[in-house]
2 protein chains.
Amino acid sequence: MATARRGPYFCGLDAAMDVVAGKWKSLIIWELHEHGTRRFAELRRGLPGVSEKMLVQHLREMEEDGLVHREVYPVVPPKVEYSLTEHGATLNTALESLVEWGQERIRRIGAEKVPVDAA
Amino acid sequence: MATARRGPYFCGLDAAMDVVAGKWKSLIIWELHEHGTRRFAELRRGLPGVSEKMLVQHLREMEEDGLVHREVYPVVPPKVEYSLTEHGATLNTALESLVEWGQERIRRIGAEKVPVDAA
DNA sequence: CGGTATCCAATTCGATACTG
DNA sequence: CAGTATCGAATTGGATACCG
């Protein structure tokens, strides 16, 4: 499972892109930032179309990259909560201007927005 | 050649990521911003390891996305110059905080930097 | 509920050879 | 110089079934 390279990098942008590359990672950051904390099934519902495999895989990589914290509650039925670490939160901040740029671009090219379920 | 989706998107970040996804795109933006204008062979030298195929493909997509301008000079031998459009320049601006985040992350995880040829 | 495991499809990337 | 064309390898993503 060699998704993230983790270096060597050409420049800062290269390193940052490495960590957010992956079909759903940017959306996961968005979800966790919006909601603070999210259970596995909640994330799944918030990301319409994601498969369990991809969601787990991305979450594991982001955990390994120090962006996401995974809290396991030893109860039955199982309960696991995901949240952004401090480092993940700084990434979210660094992404803000890019989010705005993307919103402007959506207007510019007239792309539709996929409706996201409110949880 | 279906690299860019161009919508529909979940959010601004999704749309922005769509446009910079691709192994070399972020580096191309970086190069063009640093140097203002770049010929094909110069870009190739500035991106050690890129194949001609990928470089052309990424440049064409970025042109189609309105990020890159391609100026062809009808001379022999052929001369083509690439540069950022205004829209591309706004993207570069939006990426600045992400670049800084990435630089900090490189320090944090102690990844080496690939040496880039000075042209 | 929160995952694994497995298999398969789609996409992306790279190497090489060739062209106006 | 600035590309095309082609092929195959590698990576990524998706569907389904099953488990503690």
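- One interatomic measurement links the two molecules: CE of Met54(B) to C1' of dG3(D), which rounds to 15 Å at whole-angstrom precision.
- For Arg45(B), no side-chain nitrogen or oxygen approaches OP1 or OP2 of dA2(D) to under 4.0 Å.
- Between the C1' atom of dG2(C) and the CG atom of Leu59(A) lies a distance of 11 Å, rounded to the nearest Å.
- Here the side chain of Val56(A) is nearest to one of dA2(D), dG2(C), dT4(C), namely dT4(C).
- Taking atom CD on Gln57(B) and atom P on dT4(D), their separation rounds to 11 Å, with Å as the unit.
- In this structure, Tyr82(A) reaches the dG3(C) phosphate: one of its side-chain N or O atoms is under 4.0 Å from OP1 or OP2.
- When side chains are defined from C-beta on, Leu84(B) does not count as touching His69(B), because their heavy atoms never get closer than 4.5 Å.
- Centroid-to-centroid, the aromatic rings of His87(B) and Trp101(A) come within less than 6.0 Å.
- Proximity of a side-chain donor or acceptor of Asp18(A) to a complementary backbone N or O of Arg5(A) within less than 3.5 Å is detected.
- A close approach under 4.0 Å does not occur between any side-chain nitrogen or oxygen of Trp24(A) and OP1 or OP2 of dT12(D).
- For Arg60(B) and dT4(D), the shortest distance from a side-chain N or O to OP1 or OP2 is below 4.0 Å.
- Phosphate contact (OP1/OP2 of dT12(D), side-chain N/O of His58(A), threshold under 4.0 Å): absent.
- Distances shown here put a side-chain N or O of Lys23(A) below 4.0 Å from the OP1 or OP2 atom of dG14(D).
- Within 4.0 Å of Arg44(A), counting heavy atoms only, lies no atom of the nucleic acid at all.
- Proximity of Ser26(B) to Leu95(B): side-chain heavy atoms (C-beta onward) are nowhere separated by under 4.5 Å.
- Distance, Leu43(B) CG to dA2(D) P: 9 Å, rounded to whole Å.
- The phosphate of dT11(C) has neither OP1 nor OP2 within less than 4.0 Å of any side-chain N or O from Arg5(B).
- Residue-level contact check: Tyr73(B) touches neither bases nor backbone, having no heavy atom under 4.0 Å from any strand.
- Counting to the nearest Å, the P atom of dA2(D) and the CD atom of Glu81(B) are 9 Å from each other.
- An OP1 or OP2 oxygen of dC1(D) is reached within less than 4.0 angstrom by no side-chain nitrogen or oxygen of Arg39(B).
- Heavy-atom distances to DNA chain C give each of Pro78(A) and Lys53(A) a nearest nucleotide, and the one nearer the 5′ end belongs to Pro78(A).
- Atom CD in Glu63(B) sits about 13 Å away from atom C1' in dG3(D), given to the nearest Å.
- Rounded to the nearest 0.5 angstrom, Glu61(A) CD and Asp65(A) CG are separated by 7.0 Å.
- Look at CD on Glu71(B): it is 16 Å from C1' on dC1(D), rounded to the nearest Å.
- Taken to the nearest 0.5 Å, the CG atom of Leu47(B) stands 10.0 Å off from the NE2 atom of His58(B).
- Among the atoms of the strands shown, only primed sugar atoms or phosphate atoms (P, OP1, OP2) are found under 4.0 Å from some heavy atom of Pro77(A).
- Per the geometry, CD belonging to Glu61(B) stands 12 Å off C1' belonging to dC13(C), to the nearest Å.
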